**Q** 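One structure is given below, represented as C-alpha cells, and several questions about it will come after.
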Amino acid sequence: MAGERDESDDRGELERARPAEPAPPQLDPEQLRQFQQFQQFQDYLRFTEAQKQNGQLVHTEPGGPPVPPPPQGGLVQAPEPPRRPPIRMPRFAKRILASVLSALIFLAVLGIAGKLLYDHFFPAQDDNKPASETGGGTYHANKILSAQPYEAVRKVYQEIAIGRPDLACGQLDSPTQDKFARDVGAADCQQAVLDLKTKVTNVNDYAESISPQQYDPTATTITINSCDFSITGGPALGVFTVEKQPLNQWLITGHAPGPRNCTPPTPTS
C-alpha cells in the first residue's frame with residue numbers, strides 16, 4: 001500500500017512540474033477564412049483522389065470553387081454551366097434585311113397592279129374559243145362565240161380544214177351537232193369533222209370559203225347557204241341557220257344538207 005501511494009505521488013509531482021501548454025493563437029477573420037478554404041481544398045483533394053481510385057471523376061468549371069465531397073452514399077451535383085447570352089443581329093444587318101423585304105413587297109404589288117392593268121386594257125379574246133373549250137353553254141354570260149353570223153359559219157370550214165373537231169363543233173349547239181353529223185353521214189359531230197377533213201384538198205382555200213356579207217342589223221336569225229359562195233378545196237357543208245345570242249354573239253342552231261359540189265354563183269352587176 002505504501003509503495004502504491006508513493007508512485008501516485010511521484011506522478012502528480014511530475015505533472016505539476018510540467019510547464020502548461022500555450023493557448024492557440026487567436027486568428028483574425030481573414031486568416032480564419034483562408035484557413036477554412038485550405039481545409040476545404042484538402043478535403044476536395046482527398047475526395048477526388050478517392051473518386052479516381054474508384055473509377056469516378058468529378059468535373060468542375062475552370063476557375064470555379066471545388067466541389068465538396070458528397071455525403072456518404074450520395075451523388076455529386078456539379079454546378080450548372082453559365083448560360084451564353086443570345087446572339088443579337090447587328091443593326092446594319094437588320095436595316096439590310098428590312099430593305100430587301102420592302103423591295104420584294106414592292107415588286108409583288110407592282111406585278112399584281114401591272115397584271116390588272118394589262119387585263120383591263122387588253123382583255124382576253126374569247127371569240128375564237130368554242131363552247132366545248134370554255135365550259136359549254138356559258139355563252140349566255142360570257143363572250144365566247146363569233147360576233148358575226150357569217151364568221152360563225154366560216155369558222156366551221158376553217159376548223160374542219162385544220163382538223164379541229166372541238167373548235168368546229170363548238171360553233172353549233174348540241175341538237176345541231178347531232179343533226180349536222182347525220183346530214184354528212186357520221187356517228188357524231190367529232191367523227192363528221194374528221195371524215196370531212198380527209199376530203200379537204202386545199203386547206204387555205206377551204207378555210208376561207210365563206211366571206212363576210214352585209215346583213216340586216218336588226219335580224220336575229222340568218223340562213224347561210226354554202227352554195228351562195230365559191231366553195232373550193234373541199235366539200236360544201238349545206239345550209240346553216242345562225243341565231244343571235246346574248247352579248248351580241250351568233251350561234252349555229254340549225255342545219256340542212258346540200259350538194260357537196262355547188263354550182264358557182266352567177267355574178268351580178
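If you're wondering where the values come from, they're calculated on a predicted model, not measured in any experiment. FYI, the numbering just counts along the sequence from 1.
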**Q** Residues two or more places apart in sequence or in another chain: which of them pass side chain to side chain contact (heavy atoms under 4.5 Å, CB included) with R95?
**A**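 Counting only residues at least two positions away or on another chain, R95 forms a side chain to side chain contact (heavy atoms under 4.5 Å, CB included) with R91, F92.
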
**Q** Please list, chain by chain and in numerical order, all residues satisfying side chain to side chain contact (heavy atoms under 4.5 Å, CB included) with T218, sequence neighbours excluded.
**A**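 For T218 the side chain to side chain contact (heavy atoms under 4.5 Å, CB included) partners, ignoring immediate neighbours, are D216.
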
**Q** Only one of Q171, Q249, Q245 passes side chain to side chain contact (heavy atoms under 4.5 Å, CB included) with S146; say which it is.
**A**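 One option only clears the test, and that one is Q171.
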
**Q** Might you work through the side-chain contact (heavy atoms from CB on, under 4.5 Å) test for D166 and R164, ending with a clear yes or no?
**A** CA-CA 6 Å; D166 53 341; R164 290 296 305 268; 2.8 Å; yes

**Q** With ILVMFWY side chains joined below 4.5 Å, transitively, what does L194's cluster contain besides itself?
**A**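 Reading the cluster by chain and number, L194 sits alone, since nothing else belongs.
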
**Q** Looking at every heavy atom in both T201 and G234, which two are closest together, and how far apart are they?
**A**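 Closest heavy-atom pair between T201 and G234: OG1-N, 4.3 Å.
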
**Q** Please report the interatomic distance OG1(T176) to CG(L251), rounded to the nearest 0.5 Å.
**A**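 These two atoms lie 7.0 Å from each other.
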
**Q** When rounded to the nearest 0.5 angstrom, what is the spacing between CD in E151 and CD1 in I210?
**A**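 Between E151 CD and I210 CD1, I get 11.0 Å after rounding to 0.5 Å.
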
**Q** In the hydrophobic cluster built from side-chain contacts under 4.5 Å, what are the other members alongside L101?
**A**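 Listed partners: L97.
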
**Q** Answer yes if the side chains of Y215 and Q148 hold a donor-acceptor pair under 3.5 Å, and no otherwise.
**A**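 Checked: Y215/Q148 side chains pair up, N/O donor to acceptor below 3.5 Å.
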
**Q** Only counting residues at least two apart or in another chain, list the ones meeting ring pair (Phe, Tyr, Trp, His ring centres under 6.0 Å) with Y150.
**A**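 With neighbours one apart ignored, the set is empty.
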
**Q** Please name all residues satisfying side chain to side chain contact (heavy atoms under 4.5 Å, CB included) with T221, sequence neighbours left out, ordered by chain then number.
**A**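 Residues passing side chain to side chain contact (heavy atoms under 4.5 Å, CB included) with T221: T241, E243.
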
**Q** Measure the shortest side-chain to side-chain distance between I252 and V153 over non-hydrogen atoms and say whether it is less than 4.5 angstrom.
**A**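 Sidechains of V153 and I252: in contact.
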
**Q** Is the closest side-chain heavy-atom distance between Y206 and I160 below 4.5 Å?
**A**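 In short, these two side chains touch, coming nearer than 4.5 Å.
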
**Q** For N225 and F229, work out which heavy atoms get closest and say how close.
**A**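 Reported closest heavy-atom pair: O-CD1, 3.6 Å.
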
**Q** Side chains of W250 and I222, heavy atoms from C-beta outward: is any pair under 4.5 Å?
**A**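 Side chain of W250 against side chain of I222, heavy atoms only: contact under 4.5 Å found.
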
**Q** Not counting sequence neighbours, which residues clear side chain to side chain donor-acceptor pair (under 3.5 Å) with Q190? List them please.
**A**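 With neighbours one apart ignored, the set is empty.
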
**Q** How would you list, by chain and number, every residue that makes a side chain to side chain donor-acceptor pair (under 3.5 Å) with T198, sequence neighbours excluded?
**A**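 Checked T198 against side chain to side chain donor-acceptor pair (under 3.5 Å); zero matches.
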
**Q** Quick one: list whatever passes side chain to side chain donor-acceptor pair (under 3.5 Å) with D195, sequence neighbours left out.
**A**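 Expected list: Q191.
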
**Q** Which pairs, with at least one residue in residues 197-209 and sequence neighbours excluded, count as a salt bridge (Lys or Arg N to Asp or Glu O under 4.0 Å)?
**A**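 Listed once each, the pairs are R154-E208.
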
**Q** Output the distance between atom CG (L107) and atom CD1 (I112), rounded to the nearest 0.5 Å.
**A**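 Output value for this atom pair is 11.5 Å.
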
**Q** Looking at side-chain heavy atoms only, is the closest gap between T253 and V242 below 4.5 Å?
**A**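 No - every pair of side-chain heavy atoms lies 4.5 Å or more apart.
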
**Q** Would you mind listing every salt bridge (Lys or Arg N to Asp or Glu O under 4.0 Å) that reaches into residues 174-187, with sequence neighbours excluded?
**A**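 Listed by first then second residue: K179-D183.
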
**Q** Looking at side-chain heavy atoms only, is the closest gap between C169 and V193 below 4.5 Å?
**A**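 Side chain of C169 against side chain of V193, heavy atoms only: contact under 4.5 Å found.
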
**Q** With a 3.5 Å distance limit and no angle check, can you tell me whether H255 reaches the backbone of A181 through a side-chain donor-acceptor pair?
**A**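 No.
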
**Q** What I'd like to find out is whether the side chain of L247 reaches to under 4.5 Å of the side chain of L145, using heavy atoms alone.
**A**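 Side-chain contact under 4.5 Å: no.
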
**Q** Any chain of hydrophobic side-chain contacts (each under 4.5 Å) joining L196 to V200?
**A**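 L196 and V200: one cluster.
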
**Q** Going by the rule side chain to side chain contact (heavy atoms under 4.5 Å, CB included), which residues pair with A236 if we only count those two or more places apart in sequence or in a different chain?
**A**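 Here the qualifying residues are Y157, S226, I231, C262.
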
**Q** With rounding to the nearest 0.5 Å, note down the distance linking CG in L172 to CZ in F180.
**A**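 The distance works out to 7.0 Å.
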
**Q** Counting C-beta onward and ignoring hydrogens, is there a side-chain heavy-atom pair between I224 and D228 closer than 4.5 Å?
**A**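 A side-chain contact is absent here, since even the closest heavy-atom pair is not under 4.5 Å.
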
